[in-house]
Amino acid sequence: MTATPSTGPTHFIHEIIEQDLRTNGNGANGQVVTRFPPEPNAFLHIGHAKAICLDFGTALKYGGRCHLRMDDTNPVKEKQEYIDAIKVDVRWLGFGWGEHEYHASDYFGQLYDWAVLLIRAGKAFVCDLPPEEVSRTRGTLTSPGTPSPYRERSVEENLELFEGMRAGRFPNGARTLRAKIDMAHPNLNMRDPVMYRILHAEHPRTGNAWCIYPMYDWAHGQSDWIEGITHSLCDQAYEEHRPLYDWFLDQLIALGAKSPNAGYRPKQREFARLNLPFTVLSKRRFLDWVEGGFVKGLDDPRMPTLSGLRRRGFTSEAIRDFCQRIGVAKRENVIEYALLEHCVREDLNKRAPRAMAVLRPLKVVIENYPEGQIEELEAVNNPEDPAAGTRKVPFGREIYIEQEDFAEVPPPKYYRLSPGKEVRLRWGYLITCTGVVKDPATGAITELRCTYDPATRGGNPPDGRKVKATIHWVSAAKAVDAEVRLYDHLFSKEDPDDAPEGSDWRVNINPKSLEVLSGVKVEPSLADTASGAKQWTDGIGRYQFERQGYFCVDADSKPGRLVFNRTVGLRDTWAKEAAKTGGKG
RNA sequence: UGGCCCGUAGUUCAAUUGGCAGAACGCCUGACUCUGGAUCAGGAGGUUCCAGGUUCGAGACCUGGCGGGCCAGCCA
């Protein structure tokens, strides 16, 4: 773990914990034990990163521990593939759980025994109502429910039927075990909630050992209690489940049930989930996007999944920093995308080696440069990090520059290349544009003619004359071809669900969320992707393409076929200026 | 005529628990610069949702409104 412990509460959750610590509020004698409890039914997203940083970070801060617990109580949705992916993502984020890897399914036996205990105490009953009837008799938000006709079954009958459920004597949906609480309770969760349902399904871990599975409410608090969790931190959506969480524990304790960690009393605390504009942080939605063909998979770089962000080039350091900056509170929040971008830029600016890549090439012939001559010019790898050293970049008579870096008729305040104007080639020479070659048929600019000043090698004119612009370039003879993928928001609306009547989120899909550039010219040093990956702990090569942005090597890259993803562009004040004046660079 | 939670710069959070409303990101201006990047300096931006009340003093406490979110899966 790389997070550093700090002192003092940073938000209300930590205030509560420090209060508990002072008063031994949960009987934990100074221990802080948290847990991160994902359901393995999909990939983790950046909202989970907030929870992970809170859960693991809190344990770290107070010298406790954090458990990783798979909340695997619904085998029809869960898969081993997701269990594996979740572990990869949590580790990648920078957190470890040591030997504390658990599964709710580890406790199926204990949960069953405790359910029997509740039945014997008259606190739970087997209900024969079909799902629709359970739903109908629950009542509504404003009216009470009606008790199940099976509510007053004898303990013996309940015991026998519950055992029958476990033994597989009934089909799916035929019966449930329900807690006996209060059908008139204003909190719907307390209206005799279902504890067990019959599911003849193979579980990734317990196989076919069970055909009844505990519901979330019956599994979660008890798992916390078993593991000695002191602070069970979760999404505000569970706030209304807290009375039930407490009710179950109260019953068990009153009935003399013993946790292996007797004396502890876990407490649930809720915080507001993270929201981002132009996307939706919902595991179920992700599958819609994949199935609809709007993205290529759960790790598509446009996805807000951790695997998508990773493939996009985000570093775990940047994501952790982001989670730190957004804070923890209870109010509904939508974090501006600019903050996430700021966090990656700040990290990558310090660490990413610079390279030159021309995304939309325009050929330049330097007329006074000897034909066939190649020079190796020295370039600084990272101005922010002298230890990164330098490298050689080949230069020749023909080079590529960015189409955007030339304007035949320069707009106001444009100070790159235009006819008669001089610019500096980064780490190279000063060149002056002397001519423009056009396609006679279309009028499109196909080539520039320039001259260079041999005295300016390295970029420093001996006469001290100033050139305002420095542009990047790549030697035409030595350039390597690459594909570059530029990404934008998957949705064009801040709230993707804000769609006219009769339509849905599909109308808000951004048709330009992916732009593939082929024929990109990159400097030859980028061909060696293996050595470029070495400095990154996750083995993903990341660079700053000078004046363009941060890019990483995509998983589709193979020897001889380079593919880069743009993580994020550089801050671009010229783009703003151009937008203001209506000009286009 | 339900329950629970939440209202502080554009955004997200602070405010030593009742004592002069701040920070970060964003935005604007300038300096510097071989990345129109980075860095540095400065600036704008607030009826603390509203109305009462308690108090010498309220963003905080009380009452009443208003606004927003969540809840009626045998999902989590």
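What you see below is based on every heavy atom in this structure, not just the backbone, and it leaves out hydrogens, waters and symmetry mates. Worth saying up front: this structure is predicted, and the values here are computed from it rather than measured. Order of the sequence lines fixes the chain letters, A, B, ..., with proteins taken first and strands second; residue numbering starts at 1 for each chain.
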Work out how far the [atom1] atom of [N] is from that of [M], and round it to whole angstrom.
| N | M | atom1 | value |
| --- | --- | --- | --- |
| B/C66 | B/C75 | C1' | 35 Å |
| B/G26 | B/G59 | P | 30 Å |
| B/G42 | B/G36 | P | 26 Å |
| B/U63 | B/A24 | P | 37 Å |
| B/C13 | B/G3 | C1' | 29 Å |
| B/G64 | B/U48 | P | 23 Å |
| B/A9 | B/A72 | C1' | 39 Å |
| B/A76 | B/A58 | P | 50 Å |

Can a donor-acceptor pair under 3.5 Å be found between the side-chain atoms of [X] and the base atoms of [N]?
| X | N | value |
| --- | --- | --- |
| A/Glu546 | B/G37 | no |
| A/Glu240 | B/G3 | yes |
| A/Arg325 | B/U12 | no |
| A/Gln544 | B/U35 | yes |
| A/Arg284 | B/G73 | yes |
| A/Arg345 | B/G37 | no |
| A/Glu341 | B/G26 | no |

Below the 4.0 Å mark, does [N] have OP1 or OP2 next to a side-chain nitrogen or oxygen of [X]?
| X | N | result |
| --- | --- | --- |
| A/Thr142 | B/G3 | no |
| A/Thr470 | B/U33 | no |
| A/Arg197 | B/A76 | yes |
| A/Arg138 | B/C74 | yes |
| A/Arg242 | B/C4 | no |
| A/Ser135 | B/G73 | yes |

Can B/G42 be described as syn, meaning its chi torsion is within 90° of 0, or is it anti?
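B/G42: anti glycosidic orientation.
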
Relative to its sugar, using the 90° cut-off around 0, the base of B/U17 is syn

Partner nucleotide, any strand, of [N] [Watson-Crick/G-U, under 3.5 Å]:
| N | value |
| --- | --- |
| B/C4 | B/G69 |
| B/C25 | B/G10 |
| B/U54 | none |
| B/C75 | none |
| B/G59 | none |
| B/U35 | none |
| B/A15 | none |

Within-4.5 Å side-chain heavy-atom neighbours: A/Tyr107 and A/Glu227
yes

With a 4.5 Å heavy-atom cut-off, do A/Asp89 and A/His48 have their side chains touching?
no

What are the two closest non-hydrogen atoms of A/Thr34 and A/Ile229, and how far apart are they?
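Scanning both residues completely, I find the closest heavy atoms to be O-CD1, 3.5 Å.
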
On RNA chain B, does the nearest nucleotide to A/Asn187 precede the nearest nucleotide to A/Ile471 from the 5' side, or the other way round? Give the residue.
A/Asn187

For A/Val134 and for A/Lys576, find the nucleotide of RNA chain B with the closest heavy atom, then tell me which residue's nucleotide is more 5'.
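The residue whose closest nucleotide sits nearer the 5' end is A/Lys576.
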
Spacing between A/Glu15 atom CD and B/C13 atom C1', to the nearest angstrom:
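Answer to the nearest Å: 13 Å.
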
Can you confirm whether the side chains of A/His472 and A/Gln548 place a donor and an acceptor under 3.5 Å from each other?
yes

Qualifying residue for side-chain hydrogen bond (donor to acceptor under 3.5 Å, both in side chains) with A/Asn41, from A/Lys77, A/Lys283, A/Glu78:
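The single option meeting the side-chain hydrogen bond (donor to acceptor under 3.5 Å, both in side chains) with A/Asn41 is A/Lys283.
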
Checking side-chain hydrogen bond (donor to acceptor under 3.5 Å, both in side chains) against A/Asp224, which of A/Gln268, A/His67, A/Lys267, A/Arg69 comes through?
A/Arg69

Going by the angle between their ring planes, with limits at 30° and 60°, are A/His203 and A/Tyr213 parallel, tilted or perpendicular?
parallel

Check every strand shown and say whether A/Tyr415 touches a base, only sugar-phosphate, or nothing at a heavy-atom separation below 4.0 Å.
base

